[in-house]
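One structure is given here, and the rest of the page talks about it.
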Amino acid sequence: MVDLQGQYKQIKEAVNTSIEQVLNTSAYINGPLVHEFQADLEKYLGVKHVIPCANGTDALQIAMMGLGLEQGDEVITADFTFAATVEVIALLKLTPVLVDVDAKTYNIDIEALKKAITPKTKAIVPVHLFGQVANMEAVLEIAKEHNLFVIEDNAQAIGANYTFEDGTKKKAGTIGNVGTTSFFPSKNLGCYGDGGAIFTNDDELAHIMRGIVNHGMYTRYYHDVVGVNSRLDSLQAGVLKAKLPRLDNYCGARRNAACFYNKALSVSEHIITPKTSACGEICDTCDCHVFHQYTLQITNGKRDDLHKHLLEKGIPNAIYYPVALHSQKAYADARYKESDFPVTNELIKTVISLPMHTELDNEQLTFITKTILDFVN
Ligand SMILES: *Cc1c(COP(=O)(O)O)cnc(C)c1O
């Protein structure tokens, strides 16, 4: 699904230099490269504060702790996402409220979101799924009306832009009160282990969260709040510092591959290709989608057979996600009715994700698309 070796070969010198710098100084924890990467990322995102941490799941947890959410507070998020989002809500003894997603973008459905709001609702967690930014204009409007926090789970869409109706653009993850991301190796900006970060423009919230990531300490050995230990280590920061200047090119390479897939595969009546919210079709100018995944829907009931067929032909592919969160044992709840989730219940039966990375060439793309069309039609 990804070609991390191929990508490493292209950036070997820069990455190795960064890593050697850490090894030669033994500044493994909180070394200069962590601060340099933090500053570089703040500049790239146009955000006041980046708080590096150990992974994307911690980032979500720390954001919710920083906002002071308390037991019983309801937090609304999408039913169709990776489980980390709902996991931290449940871990903090908040009440997860899962809602259906939009059939076109697979992101949180705005009508379902509105319906789910109660007097106990405190926060909304839009997930920018597969690399496409959720409908933030509508999410912000609802949040303002009901006085709710917005926490963007941006683990899959770092580098994506969101364009508001008035033409202003903001980077994904910098739009709500707080945004979180993951630097897991297969993410669009991945390190060579685990890593994550939190973004905010709110000075006070940034201060609170900087203490939380460090055992609740604001002065050494004085623990003002209950915190966690969540750090991005210097080696990973070194890898990320070397890769960040290439992120826009990486996103461009992914978008080019997505364009190729879309053109080739949209000819089939049994395939629904990904659409963007901005203009419907994917084109070079759509910067609201950075294709963490390229995900199709197979509508003639052959999705599972295609999955097996492609594996037999040596083409990696995956089902993201095979089970809706409201149907997972850990998150099932009598509050949920199947009729509330028509879109996710359909997606889990039809979606399939194809190889998507920065090193795909036309020969590979031609082989993949031809194999799919021969089988599906
Ligand atoms: C990867 C991912 C996470 C978790 O990130 P980790 O670094 O693996 O903890 C959270 N949310 C979404 C949507 C993700 O894709």
Side-chain angles (χ1 to χ4, degrees), residues 1-2 4 37 41 50-65 75-92 94 96 98-99 101-102 105-108 123-134 136 139 150-160 172-173 175-176 178-199 213 228-233 235-237 239-240 243 251 254 289-295 318-325 328 330-331 344 347-348 351 353 356-357:
M1 293 292 281
V2 293
L4 295 176
F37 170 64
L41 189 57
V50 165
I51 299 153
C53 66
N55 57 67
T57 310
D58 276 7
L60 283 163
Q61 179 177 335
I62 293 153
M64 288 177 204
M65 290 169 77
V75 180
I76 303 174
T77 193
D79 186 40
F80 190 63
T81 172
F82 181 57
T85 326
V86 66
E87 178 179 68
V88 298
I89 300 172
L91 264 180
L92 293 172
L94 313 172
L98 297 167
V99 300
V101 296
D102 172 63
T105 62
Y106 312 158
N107 279 324
I108 196 161
I124 310 168
V125 188
V127 182
H128 304 318
L129 199 73
F130 300 150
Q132 175 162 209
V133 190
M136 290 306 290
V139 168
V150 176
I151 305 161
E152 297 174 74
D153 182 345
N154 193 33
Q156 301 192 0
I158 194 157
I175 304 165
V178 55
T180 64
T181 203
S182 163
F183 303 123
F184 186 80
S186 64
K187 299 280 155 95
N188 287 29
L189 180 62
C191 57
Y192 295 162
D194 275 306
I198 312 158
F199 322 132
V213 297
V228 296
N229 170 24
S230 189
R231 292 184 281 244
L232 179 70
D233 70 68
L235 285 169
Q236 303 307 338
V239 173
L240 292 165
K243 277 188 161 190
C251 293
R254 287 172 177 272
H289 201 325
V290 292
F291 290 94
H292 173 59
Q293 298 296 342
Y294 180 87
T295 304
I319 313 294
Y320 302 125
Y321 297 92
V323 183
L325 288 179
Q328 296 282 3
Y331 304 109
T344 48
L347 291 177
I348 55 166
V351 288
S353 299
M356 174 49 77
H357 54 82

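Read the numbers this way: they start at 1 and go in the same order the structure lists the ligands and their atoms. The first residue in the sequence is number 1, and the count goes up from there. Model, not experiment: these values are computed from the prediction.
By the 3.5 Å distance cut-off applied to N or O atoms, Val127 is not counted among the residues near ligand 1. Of the N or O atoms in Thr81, none lie within a sub-3.5 Å distance of an N or O in ligand 1.
Near Asn55, meaning under 4.0 Å from one of its heavy atoms, ligand 1 places the atoms 7 (O), 9 (O). Close contacts between ligand 1 and Ala155 involve ligand atoms 2 (C), 3 (C), 10 (C), 11 (N), 12 (C), 14 (C), 15 (O) [criterion: under 4.0 Å to a heavy atom].
His128 and Asn154 share no side-chain donor-acceptor pair at under 3.5 Å.
The aromatic ring centres of Phe184 and Phe82 sit 6.0 Å or more apart.
Atom 15 (O) of ligand 1 has its closest protein heavy atom at Gln156 NE2, 2.8 Å. If you check which protein heavy atom lies closest to atom 9 (O) of ligand 1, you get Thr57 OG1, 2.5 Å. Nearest to atom 11 (N) of ligand 1 among the protein's heavy atoms is Asp153 OD2, 2.8 Å.
Remark: Tyr321 engages Phe80 in a ring-ring contact (aromatic ring centres under 6.0 Å, His included) (not counting sequence neighbours).
Under a 4.0 Å heavy-atom criterion, Lys187 is in contact with ligand 1.
In this structure, the side chain of Gln132 does not engage the main chain of His289 through any donor-acceptor pair within 3.5 Å.
Of the residues listed (Ile158, Thr180, Val178), the one engaging Phe199 in a side chain to side chain contact (heavy atoms under 4.5 Å, CB included) is Ile158, and it is the only one.
Minimum heavy-atom separation, Val290 to Cys251: CG1-SG, 3.6 Å.
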